[in-house]
Protein chains: 2
Amino acid sequence: MKKVQLEHAEALESGLVDIGRAMQASGVSAKMIRHYEEIGLLGNVARTAANYRIYSAQHVHVLRFIKRARTLGFSMEEIRELLGLWQDRRRSSASVRKIATHHIDELQAKIAELQGMLGTLQQLVHCCAGDHRPDCPILDDLAEYEPAHDAI
Amino acid sequence: MKKVQLEHAEALESGLVDIGRAMQASGVSAKMIRHYEEIGLLGNVARTAANYRIYSAQHVHVLRFIKRARTLGFSMEEIRELLGLWQDRRRSSASVRKIATHHIDELQAKIAELQGMLGTLQQLVHCCAGDHRPDCPILDDLAEYEPAHDAI
DNA sequence: GGTCGACCTTACTACCGTGGGAAGGTCAAG
DNA sequence: CTTGACCTTCCCACGGTAGTAAGGTCGACC
């Protein structure tokens with residue numbers, strides 16, 4: 001097992017890319033690429049003799065996978081699982097679907113929460129004159145709101 | 001200007017409360033009450049001779065204000081501004097309304113973003129068999145998605 | 001008095017994902 | 001040889017909350 005250390009120019013000619021190109025190709029910042037490596041999402045990343053990171057096409061593919069998953073709001077932990085399933089040929093689509101539906105539930109809960117806030121605020125803003133006078137139902141709500149005491 | 005240091009029992013008799021009671025009365029954890037003091041939202045907080053924090057009814061009122069504002073999703077910076085306006089008798093309701101409408105815009109943007117994620121995910125989940133087989137449109141999307149190249 | 005449990009204090013750590021910046025090494029082109 | 005773009009590592013920040021550790025203090029009870 002010889003460890004072959006490529007020079008920078010050499011590496012780029014063999015279809016490998018440096019972090020700048022990986023960044024362009026994936027849309028993930030260099031900062032985050034290093035971070036994803038550090039938390040173990042990229043596996044082994046080669047280095048040139050000068051210690052520069054060198055990425056294979058597969059690495060870039062993983063980065064684009066992560067980027068897309070982040071865009072869909074998956075957490076890093078979920079992404080870790082999804083990557084594992086992606087690379088496992090014996091996975092079941094059910095296991096992927098389970099993660100996705102769980103994430104859908106979270107999204108729906110979050111949306112409901114935000115819509116609750118939004119509704120209340122819209123009501124308050126609607127009632128607020130919004131002029132030079134100090135009287136303000138918004139502040140009144142914040143100052144005087146009493147939580148419903150459902151609990152004993 | 002004598003600095004009168006009250007004893008614990010003495011203080012509680014004068015309508016002042018310790019952090020535990022402030023926590024119960026406001027719904028804000030002791031941890032966060034100290035934090036809010038540290039970042040300057042509570043002003044001067046008195047201490048007993050034994051260095052325990054002692055809160056006035058006004059302090060508790062501020063804490064409930066903060067609690068309610070957090071429930072509506074305002075950021076700490078926005079809450080700082082709202083508190084300032086609340087305590088300013090010459091405020092205009094327009095200035096409060098402005099903060100609130102800005103927050104409404106943020107909420108709407110966030111909701112739209114989450115709904116975008118949700119829609120895409122629901123579509124993908126809908127297309128996924130979710131059985132023992134490995135074929136999975138969800139993973140396919142994550143792995144092969146190409147961002148639209150609107151930019152040059 | 002002594003002791004117990006509940007409460008308080010400060011100070012540090014972590015979470016999540018991202019960005020900023022310092023201080024230094026390396027590349028390729030002029 | 002210099003320049004400027006790029007790379008390296010390392011540390012810090014955000015926002016808001018929670019956890020933990022090590023210690024001081026309260027009231028109540030024996």
Side-chain angles (χ1 to χ4, degrees), chain A residues 5-13 16-42 45-55 63 66-81 103 106 110 113-114 117, chain B residues 5-13 16-42 45-55 63 66-81 103 106 110 113-114 117:
Chain A
Q5 287 282 33
L6 294 174
E7 293 302 321
H8 201 162
E10 230 177 320
L12 297 189
E13 278 162 27
L16 306 173
V17 292
D18 60 23
I19 204 170
R21 277 161 238 253
M23 176 167 55
Q24 278 184 270
S26 66
V28 180
S29 72
K31 210 88 177 174
M32 294 313 294
I33 294 177
R34 295 193 192 98
H35 178 61
Y36 294 153
E37 177 188 345
E38 202 183 24
I39 64 176
L41 295 183
L42 285 184
V45 175
R47 302 284 187 131
T48 66
N51 204 30
Y52 283 26
R53 287 172 176 83
I54 287 292
Y55 299 95
L63 286 172
I66 296 173
K67 175 75 176 179
R68 174 64 174 157
R70 288 293 302 147
T71 302
L72 293 179
F74 285 103
S75 74
M76 294 317 297
E77 265 326 294
E78 288 167 330
I79 291 175
R80 189 186 298 275
E81 293 175 49
H103 183 43
E106 288 175 333
K110 190 73 191 168
E113 186 191 342
L114 296 182
M117 297 176 181
Chain B
Q5 287 284 35
L6 294 174
E7 292 303 321
H8 201 161
E10 231 178 322
L12 297 190
E13 279 162 27
L16 305 174
V17 292
D18 59 25
I19 204 170
R21 276 162 239 253
M23 175 166 57
Q24 278 184 271
S26 67
V28 180
S29 72
K31 210 87 174 177
M32 295 312 295
I33 293 178
R34 295 192 193 98
H35 178 61
Y36 294 153
E37 177 188 347
E38 202 184 24
I39 65 176
L41 295 183
L42 285 184
V45 175
R47 303 282 188 131
T48 67
N51 205 29
Y52 283 26
R53 289 172 174 83
I54 286 294
Y55 301 94
L63 287 172
I66 296 173
K67 175 76 175 178
R68 174 63 175 159
R70 289 292 303 145
T71 302
L72 293 179
F74 286 103
S75 72
M76 294 316 298
E77 266 325 294
E78 288 167 330
I79 291 175
R80 189 185 298 275
E81 293 175 49
H103 184 44
E106 288 175 333
K110 191 71 190 169
E113 187 192 343
L114 296 182
M117 296 175 182

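Just so you know, these numbers use all the heavy atoms, side chains as well, and skip hydrogens, waters and symmetry mates. Everything numeric here is computed off the predicted structure, so don't read it as measured data. By convention in this document, chain letters (A, B, ...) are assigned in the order of the sequence lines, proteins followed by strands, and residues within each chain are numbered from 1.
For A69(A), the side chain to side chain contact (heavy atoms under 4.5 Å, CB included) partners two or more places apart in sequence, or in a different chain, are F74(A), I79(A), L142(B).
The separation between I66(B) atom CD1 and dG15(D) atom C1' is 15 Å, rounded to whole Å. Atom-to-atom, NE2 of H35(B) to P of dC12(C) comes out at 16 Å; the value is rounded to the nearest Å. Between F74(A) atom CZ and dG17(C) atom P there is a gap of 13 Å when expressed in whole angstrom units. Residue E38(B) contributes atom CD, which lies 12 Å from atom P of dC14(D) at whole-angstrom precision. In this structure, L63(A) atom CG and dT18(C) atom P are separated by 12 Å, rounded to whole Å. Atom P of nucleotide dG15(D) and atom CZ of R80(B) are separated by 10 Å, given to the nearest angstrom. dT17(D) atom C1' lies 15 Å from atom CE of M23(B), rounded to whole Å. Distance, R47(B) CZ to dC8(C) P: 12 Å, rounded to whole Å.
Closest to the side chain of Y52(A), from the set dC7(C), dA18(D), dT8(D), is dT8(D). With distances taken from any side-chain atom of Y36(A) to the nucleotides dT18(C), dA11(C), dT26(C), the minimum falls on dT18(C). Closest to the S75(B) side chain, of the nucleotides dG16(D), dT10(C), dC7(D), is dG16(D). Residue M76(B) places its side chain closer to dG16(D) than to any other of dG16(D), dG21(C), dC27(C). For N51(A), the listed nucleotide lying nearest its side chain is dT9(D); candidates were dG19(D), dT17(D), dT9(D). If you check dT9(D), dC7(D), dC26(D) against the side chain of I19(A), the one that comes closest is dC7(D).
Residues H35(B) and M76(B) fail the side-chain proximity criterion, which asks for heavy atoms closer than 4.5 Å. L41(B) has its side chain within reach of I66(B): a pair of non-hydrogen atoms, C-beta onward, lies under 4.5 Å apart.
If you check every strand for non-hydrogen atoms under 4.0 Å, R34(A) touches a base.
Residue S29(A) places at least one side-chain N or O closer than 4.0 Å to OP1 or OP2 of dG19(C). An OP1 or OP2 oxygen of dA5(D) is reached within less than 4.0 angstrom by no side-chain nitrogen or oxygen of R21(A). An OP1 or OP2 oxygen of dT9(C) is reached within less than 4.0 angstrom by a side-chain nitrogen or oxygen of R53(B). The phosphate of dG15(D) has neither OP1 nor OP2 within less than 4.0 Å of any side-chain N or O from R70(B).
Within 3.5 Å, no donor on the side chain of K31(B) pairs with an acceptor on the base of dG16(D), nor the reverse.
A salt bridge links E77(B) with R80(B): the distance from a Lys NZ or Arg NE/NH1/NH2 to an Asp or Glu carboxylate oxygen falls below 4.0 Å. Salt bridge K110(A)/E113(A): present, at least one basic N to carboxylate O contact under 4.0 Å.
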